[in-house]
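Remarks on the structure that follows.
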Amino acid sequence: MSDLSWFGQPVTFGVMLLRILVAVFIGTLIGIDREIKSRPAGMRTHVLVCVGAALVALIDAHTLGCTLQLEEAPFIRASIGRLTAAVISGVGFLGAGTIFMADRKISGLTTAASLWCTACIGVAIGGGFILMGVVSGMIVLVVLRLMQKVVRVNTLKRLEVCFIHRTQTLSFLNEYLAGQGVKVLDVDFHAENRPEGNLYTNLYTLAMPGNTSYVDLIGTLSEHPNVRSVRTRNL
């Protein structure tokens with residue numbers, strides 16, 4: 001449901017205030033989720049983006065309404081949506097600042113996407129599509145908070161296991177991985193001679209079922225007395 005009663009009419013102060021407050025509310029909800037997860041862009045950033053986008057949409061709508069009320073309106077060529085289009089493309093530069101690479105791993109893509117969606121929601125609210133903006137905001141929150149818990153996708157990763165007593169530990173590792181339904185796609189071996197005994201390092205490339213997490217895997221393997229360290233590594 002969308003309200004088009006504003007089209008062709010200047011935006012009143014009451015309507016403007018309502019849309020700005022709704023933009024603050026939606027931006028706050030999305031920003032809190034990012035804040036809890038310690039993402040680069042938090043609550044204040046999302047609120048500012050949403051309010052700024054709503055303000056530009058309000059300016060666009062108000063300018064168009066005032067223009068259409070002029071006597072010369074039939075002779076004026078108006079471009080609808082040029083300001084809001086600039087917002088959507090401009091937020092991309094802000095989102096790019098939240099993306100960074102550490103330890104050969106790209107982080108911040110979800111935060112950048114949430115910023116862009118927040119800007120779109122702000123434009124919708126500022127343009128008068130309040131219900132559409134609220135529903136979209138709720139959908140964004142569900143995606144950020146629940147989707148990863150409901151739909152679990154384990155990407156291919158490498159698991160590095162350092163251990164002693166090769167024969168005994170390898171038997172345990174193979175049995176445990178097979179019991180968890182984990183498929184070993186590849187494994188690299190490395191041995192280091194030490195005075196107290198050889199230290200072996202296996203670098204596994206694993207394909208894991210959706211009901212198994214790397215946290216559980218590392219926790220169980222690290223409890224074995226022969227395992228010295230376990231960690232994941234990016235491909």
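A quick note: this is a predicted structure, and the numbers were derived from the prediction, not measured.
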Q. Residues two or more places apart in sequence or in another chain: which of them pass salt bridge (charged side-chain N to carboxylate O under 4.0 Å, His left out) with Glu192?
A. Arg194

Q) Do Leu206 and Leu185 have side-chain heavy atoms sitting under 4.5 Å apart? A) no

**Q.** Check: Thr205 and Val184 side chains under 4.5 Å, non-hydrogen atoms
**A.** no

Q) In terms of hydrophobic clusters joined by side-chain contacts under 4.5 Å, are Leu131 and Ile139 together? A) yes

Q | Distance in Å, Ile30 CD1 paired with Arg145 CZ, rounded so as to fall on 0.5 Å steps | A | 12.5 Å

**Q.** Test item: Asp186 and Tyr204 side chains (from C-beta on) under 4.5 Å apart, heavy atoms
**A.** no

Q. OG1/Thr169 to CG/Asn202 distance, rounded to the nearest 0.5 angstrom?
A. 9.5 Å

Q: Mind checking side-chain contact (heavy atoms from CB on, under 4.5 Å) for Gln168 and listing every partner two or more places apart, or none if nothing turns up?
A: His165, Asn226

Q.
Test of understanding: with side-chain contact (heavy atoms from CB on, under 4.5 Å), list the residues that count as partners of Ile218, not counting sequence neighbours.
A. Leu159, Val230, Thr232

Q: Using ring-ring contact (aromatic ring centres under 6.0 Å, His included) as the criterion, list what pairs up with Tyr200, not counting sequence neighbours.
A: Phe163

Q: Please list, chain by chain and in numerical order, all residues satisfying side-chain contact (heavy atoms from CB on, under 4.5 Å) with Asn193, sequence neighbours excluded.
A: Asn198

(Q) What's the separation between atom CG in Leu21 and atom CD1 in Ile130, rounded to the nearest 0.5 Å? (A) 10.0 Å

Just list the side-chain donor-acceptor pairs under 3.5 Å for residues 115-129, sequence neighbours left out, or say none.
unit_1	atom_1	unit_2	atom_2	d
Trp116	NE1	Ile88	O	3.3
Thr118	OG1	Ser114	O	2.6

**Q.** Heavy-atom side-chain contact between Cys50 and His46 under 4.5 Å
**A.** no

Q.
Side-chain heavy atoms nearer than 4.5 Å, only ILVMFWY residues, links allowed to pass through others: does that put Met138 and Val22 together?
A. yes

Q) Taking everything shown except Phe172 itself, do over 12 heavy atoms lie less than 6.0 Å from its CZ? A) yes

Q) If you group Ile, Leu, Val, Met, Phe, Trp and Tyr by side-chain heavy-atom gaps below 4.5 Å, do Leu48 and Ile26 land in one group? A) no

Q: Is it possible for you to say whether Leu199 and Leu221 belong to one hydrophobic cluster, with membership spreading through side-chain heavy-atom contacts below 4.5 Å?
A: no

Q) Roughly how far, to the nearest 0.5 Å, is the CZ atom of Arg158 from the CG atom of Asp188? A) 6.0 Å

Q | Joint hydrophobic cluster, Ile164 plus Leu170, side-chain heavy atoms closer than 4.5 Å | A | no

Q) Between atom CG of Asp33 and atom CE of Met43, what is the distance when rounded to the nearest 0.5 Å? A) 12.5 Å

Q: Kindly write out the residues that satisfy salt bridge (charged side-chain N to carboxylate O under 4.0 Å, His left out) with Arg44, not counting sequence neighbours, or none if the list is empty.
A: none

Q: Can you see which heavy atom on Val47 is nearest to which on Gly27, and at what distance?
A: CG2-C, 3.7 Å

Q: Go through the steps for Val15 and Arg19 under the test side chain to side chain contact (heavy atoms under 4.5 Å, CB included), then give the verdict.
A: CA-CA 6 Å; Val15 171; Arg19 295 179 188 177; 3.2 Å; yes

(Q) In the structure I gave you, are the side-chain heavy atoms of Ile20 and Leu58 within less than 4.5 Å of one another anywhere? (A) yes

Q: Return the set of residues passing side-chain contact (heavy atoms from CB on, under 4.5 Å) with Thr201 (not counting sequence neighbours), or none when no residue passes.
A: Glu160, Cys162, His190

Q.
Just to verify, what does Arg228 make a side-chain hydrogen bond (donor to acceptor under 3.5 Å, both in side chains) with, not counting sequence neighbours?
A. none

(Q) Evaluate Val227 against Val161 for side chain to side chain contact (heavy atoms under 4.5 Å, CB included), listing each step before the verdict. (A) CA-CA 7 Å; Val227 175; Val161 184; 4.1 Å; yes

**Q.** Distance in Å, Thr28 OG1 paired with Phe25 CZ, rounded so as to fall on 0.5 Å steps
**A.** 8.0 Å

Throw together a table of side-chain donor-acceptor distances under 3.5 angstrom for residues 176-183, partners on residues two or more places apart or in other chains.
unit_1	atom_1	unit_2	atom_2	d
Tyr176	OH	Thr220	OG1	3.3

